[in-house]
Each structure stands twice: as structure tokens, then as C-alpha cells.
Amino acid sequence: MEWLEIFDISLFRSLIRSATPIALIGFGAAMCSASGVLNIGLEGKMLNAAFVGIAASYYSGSALTGFIWGVSAGVLTAILFGVLSFNLGADEVLVGLAINIFSIAGTRYLLETLFKRRGFFSDPSIQGIDPINFEFLVDTRFEKILSGYTPSIYLVFFLAIVLYLVYYKTRLGTAIRATGENPEAAEDAGINTLRMKWLTVIFSGVLAGIGGTFLSLENMTLFTEGMSAGKGYIGLVASSFGNNTPIGTFGASLFFGLGDAIGIRLQGVYELDSRLILMVPYALTVVVLILIGIRQRIRVRPVPIPEQ
Amino acid sequence: MTQNNIETAVEVKNITKSYPGVTANDSVDFKVLKGEIHALVGENGAGKSTLVKILYGIEQPDSGEIFINDKPVEINKVDKAIELGIGMVHQEFHLVPSFTAAENIGLGQEPRNSRGFIDWDELNSEVSNIAKKYGLDVDPKLRMIDASVGIQQRTEILKTLYRNANILILDEPTAVLTPQETDELFEVIRSLVDEGKTVIFITHKLREVMEISDRVTVMRDGKVQGVSNTKDTSPEELAKLMVGREVFMQVEKEEAKPTEKVLEVKNLWVHDSRGLLAVKNLSLDVHKGEIVGIAGVDGNGQTELVEALSGLRPTSKGEVIFDGKNIESISPRKRRRAGLAHVPEDRANTGLNLKLDIWENLVGTSYFRSPLSKGGIISMKNVVDHSNNLREKFDIRTPGVFVRTGSLSGGNQQKVVIARELSEDPLLTIASQPTRGVDIGNIEAIHKQLVEIRDSGKAVLLVSAELDEVMSVADRVAVIYEGEIVEWVNPKDVDQQQMGLYMAGIKD
């Protein structure tokens, strides 16, 4: 079975790389959903961060500066989302959509006016974020599995654990969950529900910012128009598939990453049309949405009527 | 057991609170002694809720003073009220469904270990201890989704006690309970008072005022009408203070003269939205010239039964025969055409569109028919005439029919629903919780209307969680429990105690 040969360490590494931006978005989306905010604007936050990150790196020649500016762009977009939906009372879904559309147009405009480029921007003076190599793992059997990833990838694993603890074992976690499930109960308990929502939205902005810079400064060192390519939406689906819990979302993100990685590898094995492979994440998203639908239907499966 | 102790737990002086167009509290003075059970009674819109919202820091008064334990205080937010030892159990429970009892009780104040994580074991045992102390039987690890209404309520009470409340405000706590559960609640309230707590008990059920309270304050139209020791007053006197005139507590009607069968339900099964069986093998019939009542605690399948009969929810098995024809699979509109009217329990969402004008709601079920519409176009003249006729006939108090329905009082909104439903002279009127949130004066009028329908030879199916209402209006009563009819009773031959047992599903 030659196709089984694709399950090797490089598939694992590719899986982790594909899963990272989805998990970053997914964690943010899960926290927002837990506090009762449907944040579909993450796609735009990520794209803005990707662009601002690369622009800052280009001008400063520093990867760290690029990263900081990129994350700030994610946070600022999150603040815009919060102001429009919480302070001005606009519909969350419409605000999210507006941000996504605006980000596509805004980044394209800046790409053309600042860099006089169309489609994509790459330059030798852009400093990317380097992978981390652990000295103590050199020449051990774990080196190929555990070492040499970029920082965001390690961050994702760290976050899965931290968020799990926050979610189930801290006052903050119960406060966030109570806010989403019954805001009146939360208010009654002296929890400031608006503050909780702001907190999760800003947090999701930070993560979308990291996700964006991951795309443009870590995974690759370039910006292409619309390079978030739906990952913001896929992250949202991952959080929903994972019941908005940290571990569930992490698992769902790995699943998407696996699909992506297998697609890329199969291309090599069978010489499939690359356009077909590019479709894999989106096809997988549709499949997952169908699974979510089925799961919901199973939950309300009518109990049978007893025979008389 | 009125205490002669002069220390006061709560004193409110000269509180005034206005909303646009209405003075909810008008120079209100209200005083609760330490360690007493104080009943606060009044109709909907009398200002009770506003008063307790001010005490609990949800609303701020325009003017006036508040004293807690004889000290002047300003309660500008809920946290402040909690800090002052005030706890409130809302009518609609504020519980997180997927959380356990302990998680709900401890929310926001969970005990933490040295690493900053919540100590769930500690919380569970703290909750057990408080529950034991006050005789509140609650399992700390029970999820609220799986808890009965009675347990949810006890969880709410425990929530206030966990926060060291000394003054408990209970907002209409018995509305969702069976008579037995009410007795249990009263036990709990008494043990709270024995432990030195003070209880403010809001209700409109005068029987409960007489049974549980030490003193009573009556409100009407935002003003306090009177304060007295409960033992020195009577339900009649309280009712008069509440309404401002004599009230007939009993519905006057003659013996029913039922004729032919108009509705027959045979072995009906209905699923609820979660896929559970809400109505189980239920059979009943209703004849012309009678009012059949369905009594039972809320949430025992009444909602699903009525929705299935009116066509808003599919039936899963069984037959519904109306006026000789099977109707279980025809649309609500066709059922209406056949002569079935429905006054839904959820007036604000199902019964009316509160954002529309009164005339629009009045013709909502008939606008497409001649003479209201001609050739697919609404004839405004005929619609307005029709609406004005209904307004007059059903005594809807409004400046005009071009007024937003949502601006009417609960009682007048309900009159709009009833006017619309009766305007087509139905054979059968299904009235579900028809007086919920309606003031006493209008309750009387609605009851009279139901009796009039019956006397004109039509049928009524009255579904109500208010036991007194079913027992005084209906001619025959079925008691429903967990989707099944426990027993048929003649309201004249059965007492409260017996009904309570039936409502709890217990049959001799």
C-alpha cells in the first residue's frame, strides 16, 4: 500500500503547520462563543495582521517589530468590532462581515499604494520569524518531531493547556461561560458581562493577530492578497465542531490540519490537479458542517412512542 | 409571629421613580421589620417590581431615601445590594443550565486554592452545609438542566444565602410550584426566619399572604395603599385595596348544558422541541356549551398539547377530530376557518406582534378575506371600522387603533388577542393561560367572557396553571402531569389538597 507511506514525520510537521492558524482563530472564536459573541470578523482581523505585520517588518527590518505591529492590527480590528457591536449596538454578524470585506479591500488598496504591487508582495528586506531549534534535542529521536517549529506553533500547544485550565478551573472561565449561557445569572453574580465579552473579543483579536503574522512572517515571508483564504471561517467551524471548548477546538483544528496535509502529500503521490488539492480544506469544512448538523439532529432525535 | 422589636431591616422613605409616561413609584414609604415575613402585594403594574428593583440596585430612584438596618444607604448597583446583605430570587430563575447547583451557587465567588484555581470540592461541601442548615434539599452536583423547578428555586435561595444575604426578596416564588411544593417553600421560609433572616415575599395570591406573612403592604398605581398586620386583615379587604373597588372572587355562572361533541382527541402523542415525549397517549373531548379545564403545573405538556391542537406543532401519533373531521395534519389557517380559535400562552411573542399597531393585530387572522380585503388589496376603511367595532365591543382601553400594541398594558394586550380570536365566532376557543400577567379587574372580565362563550352554545378549552382559575371557571377539569391526564374532576367535588396530589401525579 504505497499511500500508507505518506504517514511519516513530514506529514506530521505539515499537519501541525496547517492546523496552527486554524487553532489560533478557533481558540479566539471558542472564547467569544462561550461568552455569547458570534465573532465572524476573525478572518478580516487575521488578514489585516498579516498585511500590517509584513509592512512593519519591511520598514523596520525587524521580525519582532513586524510581529508586534501585526498583533496590534488584530487587536485594533477587534476593538473596532467591539465598538460597533457593543457600544453602537450594530448586529454582530453584519459587523463581522463588514470587517472581513473591508479588510480584503483595505489590504489590497494599501498593497497598491504603499508597495506599488498587485497580488502579492515579497522583498528580501522583510525579516521573517525564525524557527526555534532546541539544542538539547539535537541528535535525539525527538528532534525531527519536536524541534524546529516557529514560535506560534509551540504557542498553540501551550494555549490548549492554559485555556483548558482557565475554562474549567478559574473564576474567569466560569464567568465567561455563565455570560454566554445566561447573562442574567452572570450579572446577578456580580459579573460584568460586557467586560467578559470585551475580554474575549480582544483576546480573539490578539490570537487572530498572531495567526495573521504566522501566515505572512512565519510560514512564509510574503503577503498575498486574501492570504487568510477562509482560515478565519474554518477556525470558527473548528470551534463549533469542538463545542467551543479549548481541547475540542484544538482537536478539530488538528483534524483540519490533517486533511490539508494529506491533500498536499497525495498530490505528490498521485500527481493530482493542484487546484483540486487547494479545495481540500473547504470541502472538509463542508463535511464538518454536515457532521455538526447531524450531531445536532441526533441530539433532538425523538424518543420512540411505546407500543400499547 | 409579629415581632415587637423596633429594629427595621429595610426602610424606604418617599421613593419616587418615573419612566417616560408613567410614575412607577409615587412617594412610596415601605418598612420591613427585622425577622419578619413581609408580603408585598399588588396587581401587575402596581409598582412592586420597581420597588424591589430599587432595593436590589437594578434601578435608581429619582428621589427618596433607603435605610438598611437603620443606616442610610445608596444602592447604585447589584453588588452594593449584595454587600448590604440583600438577596433576590427572581421570578424567572437566573441559573446557568449546564452548571451544577454548586457551580450556580458559587458563581463569581468560588473558593480558590493556593494556586488560584477553583476548589470545587470545597465549594460542594460549603453548599451541602448551607443546604443542611436551612433544610433545603439540593444535591450540589446536580446539573440545573436535570433539576425540577422546585430544586431550581431552592438553588436560587441557596445562592442568596451563600452570599450571606440577611434580607431575602422572593418575587412571585409560588407561580411555578404545585400546592405541595408551595408548602415546602413555606417551610423553608419559616426556617429562614427562625435563623434570623428577613423575607420580603411578593405575590398576588392572597391566600398565600394570609398563610405565610406577618405583615402586608398593598400597592396600587405606584402608591402604597395600606400596611397592616396580616392577622388583622382579610383577603377581601386586601383585594379591595389592590383593585380599588369590590372584587368578586368567585366567577358567577349557571350549570353547564353541554350538547354535541366538538373536539375529540384520541390517544395523542406529541414530541417537544428537544425530541422528548411531552404529551403521552392523551385523550379528551370537549362539547358545545361547556368549559373544559386543564389544570397542572407549568411544563407538564400543556404547551405542546395546545400547540398540537392549534396546528403549531406536529402530532406524533393519534387523532384530533374537530367538528367531525380529522384535523391533525391541516394548517393553522384551515383550522381557524373550521372554527378553532387559539389564545396562546405567550402573548408577547405568539399572540401579538407588539411592534405593530392595534388594528394590524386585530385583523391578523382575517385581513385577506372580504370585506377586509378586495381583490388582494386591503380596504383600509373596512379594516378600521372592523377594528373600531372590536375595540368598543371588547373594551380595549386605547386612544385609538393606530397605536403600537406594545404600548398597551398587559390586560389590554390580552383583550386585543381575545377580540381577534372571538371576532370570527369560533366553535371552540382554546385559551391558554389567558389571564397570565393580567390585572385583577381584567381577569374578571376575561373570565366572564369565557362563560359567555359557553352560554352562547360554543365550547372552551381552558388551560391554566392557576389552580383557582381553572377550578372557578371550568365545568370539568382534567389534571395533567408529565403529559398524561391523571384524573378528571368536577371542580365542585374536590378540594385544594386533593388537586395538589393529582398535580404532583399522585392518584389515590
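Atoms considered below: every heavy atom in the structure, side chains included; atoms not considered: hydrogens, waters and symmetry mates. In what follows, every chain begins at residue 1, and chains take the letters A, B, ... in the order their sequences are listed.
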Legend entry - Qualifying residues under side chain to side chain contact (heavy atoms under 4.5 Å, CB included), relative to A/Leu80, sequence neighbours excluded: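 In terms of side chain to side chain contact (heavy atoms under 4.5 Å, CB included), with neighbours along the sequence ignored, A/Leu80 is linked to A/Leu84, A/Ile99.
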Inset, instruction - Measure the spacing between CZ of B/Arg115 and OG1 of A/Thr170 and express it to the nearest 0.5 Å. - result: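 Rounded to the nearest 0.5 Å, the CZ-OG1 separation comes out at 13.0 Å.
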Legend entry - Reported CG-to-CD1 distance for the pair A/Leu165 and B/Ile118, which is rounded to 0.5 angstrom: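 One gets 11.5 Å once the value is rounded to the nearest 0.5 Å.
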Legend entry - Among the listed options A/Ala178, A/Gly180, A/Ala186, the residue most often paired with chain B at heavy-atom distances under 4.5 Å: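 Winner by heavy-atom pair count: A/Ala178.
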Legend entry - Heavy-atom pairs under 4.5 Å with chain B, option from A/Arg171, A/Glu184, A/Glu181 with the top count: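 Among the listed options, the one with the most contacts to chain B is A/Arg171.
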Legend entry - Closest heavy-atom pair and its distance - A/Ala185, B/Val96: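 Smallest heavy-atom distance, with atoms named: CB-CG2, 3.9 Å.
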Legend entry - Closest approach of A/Tyr168 to B/Trp120 (non-hydrogen atoms, all atoms of both residues):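 Taking A/Tyr168 first and B/Trp120 second, the nearest heavy atoms are O-NE1, 3.3 Å.
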Inset, instruction - List for me each residue that meets salt bridge (Lys or Arg N to Asp or Glu O under 4.0 Å) alongside A/Glu187, sequence neighbours excluded, and say none if there are none. - result: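 So A/Glu187 forms no salt bridge (Lys or Arg N to Asp or Glu O under 4.0 Å) with any residue.
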Legend entry - Top of B/Met88, B/His94, B/His90, B/Arg163 for chain A proximity - count of heavy-atom pairs under 4.5 angstrom: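 Counting heavy-atom pairs under 4.5 Å, the top option is B/His94.
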Inset, instruction - Examine distances only and state if a side-chain atom of B/His271 and a backbone atom of A/Val303 form a donor-acceptor pair shorter than 3.5 Å. - result: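 Such a contact is found between B/His271 side chain and A/Val303 backbone.
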Can you tell if the side chain of [X] reaches within under 4.5 Å of the side chain of [Y], non-hydrogen atoms only?
X: B/Lys317; Y: A/Ile305; answer: yes
X: A/Asn182; Y: B/Phe93; answer: no
X: A/Thr174; Y: B/Glu103; answer: no
X: A/Pro304; Y: B/Leu277; answer: no

Got a sec: does the [atom1] of [X] have more than 12 other heavy atoms crowding it under 6.0 Å?
X: A/Tyr164; atom1: OH; result: no
X: A/Phe158; atom1: CZ; result: no
X: B/Phe117; atom1: CZ; result: yes

Legend entry - chain B contact via A/Pro183 - which portion, at a heavy-atom distance below 4.5 Å: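 Neither part.
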Inset, instruction - Answer with side chain, backbone, both or neither: which region of B/Ile82 has an atom nearer than 4.5 Å to a non-hydrogen atom of chain A? - result: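 Only the side chain of B/Ile82 comes within 4.5 Å of chain A.
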